[in-house]
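The first residue in the sequence is number 1, and the count goes up from there.
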Amino acid sequence: NLIPEWNDLVYSGRWRDALDRLHKTNNFPEFTGRLCPAPCEEACVLGINEPAVAIEEVEKQIVERAFKEGWVQPEPPLSRTGKKVAVIGSGPAGLAAAQQLNHAGHQVLVMERSDRIGGLLRYGIPDFKMEKYIIDRRTQIMEEEGVEFRTSVSVGVDVSRDELDATYDAVVFCGG
């Protein structure tokens, strides 16, 4: 992460630039800004003789301001590669893989065996740590960028590996 860079941009009042810098290394700062245990804060050298920088809180404030200001908008790829990729599992790894693959121009389908998208984010994290609308607003943006989501699909039951191999150029397993 480019923490010193986006901290300095916030300090300078350049919030939009801070968001761009944050997104260079983090697909979903709205998740990590709420869930990361922030070991970087313990390692902050300011903590030697004054309070450490609240890095996790700064990260969350950058992305929340960005959503409030309308800076987080769908960014569909300018062109498509013609390649189709299935991502199995819609937890944080599956969502990040789907977003990266989509931005590279591939047509991406995310399959989730549960009835809602989010995997561990939705079913393993309590609401007091992260409200579920946070997941929904990001997946809405991903849909507007061209990612397709299918829920209640169990690979090996509803769709076979052979069917996946026959339909998709690549299959990425990111689920349990």
Hydrophobic clusters here meaning ILVMFWY residues chained together by side-chain heavy-atom distances under 4.5 Å, can you tell me if [X] and [Y] are in one?
X: F173; Y: V153; result: yes
X: L120; Y: I135; result: no
X: V63; Y: Y133; result: no
X: V155; Y: V157; result: no
X: I134; Y: V72; result: no

Show the nearest heavy-atom pair for residues [X] and [Y], with the distance to one decimal.
X: L121; Y: F31; value: CD1-CE1, 3.4 Å
X: Y168; Y: V85; value: CD2-C, 3.8 Å
X: T81; Y: A104; value: CG2-O, 3.5 Å
X: G118; Y: S90; value: N-OG, 2.9 Å

Can you tell me how far apart [atom1] ([X]) and [atom2] ([Y]) are? Round to the nearest 0.5 Å.
X: E56; Y: I3; atom1: CD; atom2: CD1; value: 10.5 Å
X: L78; Y: H103; atom1: CG; atom2: NE2; value: 10.5 Å
X: I117; Y: R150; atom1: CD1; atom2: CZ; value: 11.5 Å
X: L19; Y: N26; atom1: CG; atom2: CG; value: 10.5 Å
X: I141; Y: D136; atom1: CD1; atom2: CG; value: 11.5 Å
X: R116; Y: S152; atom1: CZ; atom2: OG; value: 11.0 Å

Under 3.5 Å: donor-acceptor pair, side chain of [X], backbone of [Y]:
X: D17; Y: L9; value: no
X: T167; Y: E163; value: yes
X: Q73; Y: G70; value: yes

message = Set out, in order, the CA-CA distance, both residues' side-chain angles and the distance that settles salt bridge (Lys or Arg N to Asp or Glu O under 4.0 Å) for D158 and R113, then state yes or no.
response = CA-CA 9 Å; D158 300 313; R113 76 174 148 210; over 6 Å; no

Is there a side-chain contact between [X] and [Y], using heavy atoms and a 4.5 Å cut-off?
X: V147; Y: V110; answer: yes
X: S114; Y: R122; answer: no
X: L22; Y: W6; answer: yes
X: F149; Y: M111; answer: no
X: R137; Y: Q140; answer: no
X: E148; Y: V108; answer: no
X: L95; Y: M142; answer: yes
X: L35; Y: M130; answer: yes

query = For D165, what residues pass the side-chain hydrogen bond (donor to acceptor under 3.5 Å, both in side chains) criterion, not counting sequence neighbours?
reply =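 Residues passing side-chain hydrogen bond (donor to acceptor under 3.5 Å, both in side chains) with D165: R161.
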
message = Checking W15 against E69 for the side chain to side chain contact (heavy atoms under 4.5 Å, CB included) test, could you report, in this order, the C-alpha distance in whole Å, the side-chain angles of both residues, the deciding distance, and whether it holds?
response = CA-CA 10 Å; W15 288 83; E69 298 287 338; over 6 Å; no

State plainly whether the residues [X] and [Y] are in salt-bridge range, i.e. N to O under 4.0 Å.
X: E64; Y: R34; answer: yes
X: E30; Y: R138; answer: yes
X: R14; Y: D20; answer: no

Polar contact flag, side-chain donor to acceptor under 3.5 angstrom, R21-N7 =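 Not at all, the side chains of R21 and N7 share no donor-acceptor pair under 3.5 Å.
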
task = Verify side-chain hydrogen bond (donor to acceptor under 3.5 Å, both in side chains) between N102 and Q107, making sure each step is shown before the conclusion.
result = CA-CA 6 Å; N102 184 62; Q107 189 62 49; 5.6 Å; no

inquiry  = Working note: D115 + Y123, criterion side-chain hydrogen bond (donor to acceptor under 3.5 Å, both in side chains); need CA distance, chi angles, decisive distance, verdict.
reply    = CA-CA 11 Å; D115 63 340; Y123 295 108; 2.4 Å; yes

key: Worked verdict on I88 versus V171 for side chain to side chain contact (heavy atoms under 4.5 Å, CB included)   = CA-CA 7 Å; I88 312 304; V171 179; 3.9 Å; yes

query = Does K24 NZ have over 12 foreign heavy atoms under 6.0 Å away?
reply = no

ask   = Crowded around E75 CD? As in, over 12 foreign heavy atoms under 6.0 Å?
value =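 No, CD of E75 has 12 or fewer neighbouring heavy atoms, counting only those of other groups under 6.0 Å.
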
key: side chain to side chain contact (heavy atoms under 4.5 Å, CB included) evaluation trace for V87 with L109   = CA-CA 6 Å; V87 174; L109 169 67; over 6 Å; no

